[in-house]
Amino acid sequence: MPYVNIKITREGATPEQKAELIGGVTELLQRILGKNPATTVVTIDEVDLENWGIGGLPVAEFRAAQAAKAPPQ
C-alpha cells in the first residue's frame, strides 16, 4: 500500500488542482510500479509560508533573492 505525502506552501491551490495531483500521483505509481490504485493513499499538506524555509531563509525571502538574481525577461 503506497503512501505519498505532498507538501506545498499554502498559496491557494484549488480543490481541482489538488484532485489532479492525487489522481496523477496515483496513476504514476500504477503505471511505473504496478501499484493498485485502490490501496494507494495520497495526502496533501499545506504549509504556511512563514513555516517553510529553503537554503536557510524563509521561503518568501528565498524567492525574493532568486528573483533578484534572475536575468530580466
Report task. Answer whether the closest heavy-atom distance between the side chains of Thr40 and Thr26 falls below 4.5 Å. Result -> yes
Query raised in the report: Do the non-hydrogen side-chain atoms of Ile6 and Leu21 ever get within less than 4.5 Å of each other?
Result: yes
Report task. Using a cut-off of 6.0 Å, state whether more than 12 heavy atoms not belonging to Glu20 lie near its atom CD. Result -> no
Check for me, please, whether [X] and [Y] land in the same ILVMFWY cluster - side-chain distances under 4.5 Å, paths through other members count.
X     : Y     : result
Leu49 : Leu57 : yes
Val25 : Ile32 : yes
Ile44 : Val59 : no

Query raised in the report: Looking at Met1 and Thr39, what are the two nearest heavy atoms and their distance?
Result: CG-O, 2.7 Å
Report task. Would you confirm whether Glu61, through its side chain, and Pro58, through its main-chain N or O, come within 3.5 Å as a donor-acceptor pair? Result -> no
Query raised in the report: Under 3.5 Å, side chain of Asp48 to main-chain N/O of Glu50, donor-acceptor pair present?
Result: no
Query raised in the report: Should Glu46 and Lys18 count as an ion pair when the cut-off is N to O under 4.0 Å?
Result: yes
Requested in this report: Any chance you could measure Glu16, atom CD, to Thr14, atom OG1, to the nearest 0.5 Å?
Outcome: 4.5 Å
Report task. Would you please test Arg10 and Trp52 for side chain to side chain contact (heavy atoms under 4.5 Å, CB included) and show each step? Result -> CA-CA 10 Å; Arg10 189 180 314 273; Trp52 193 293; over 6 Å; no
Query raised in the report: Ile22 pairs by side chain to side chain contact (heavy atoms under 4.5 Å, CB included) with which of Val41, Val4, Val42?
Result: Val42
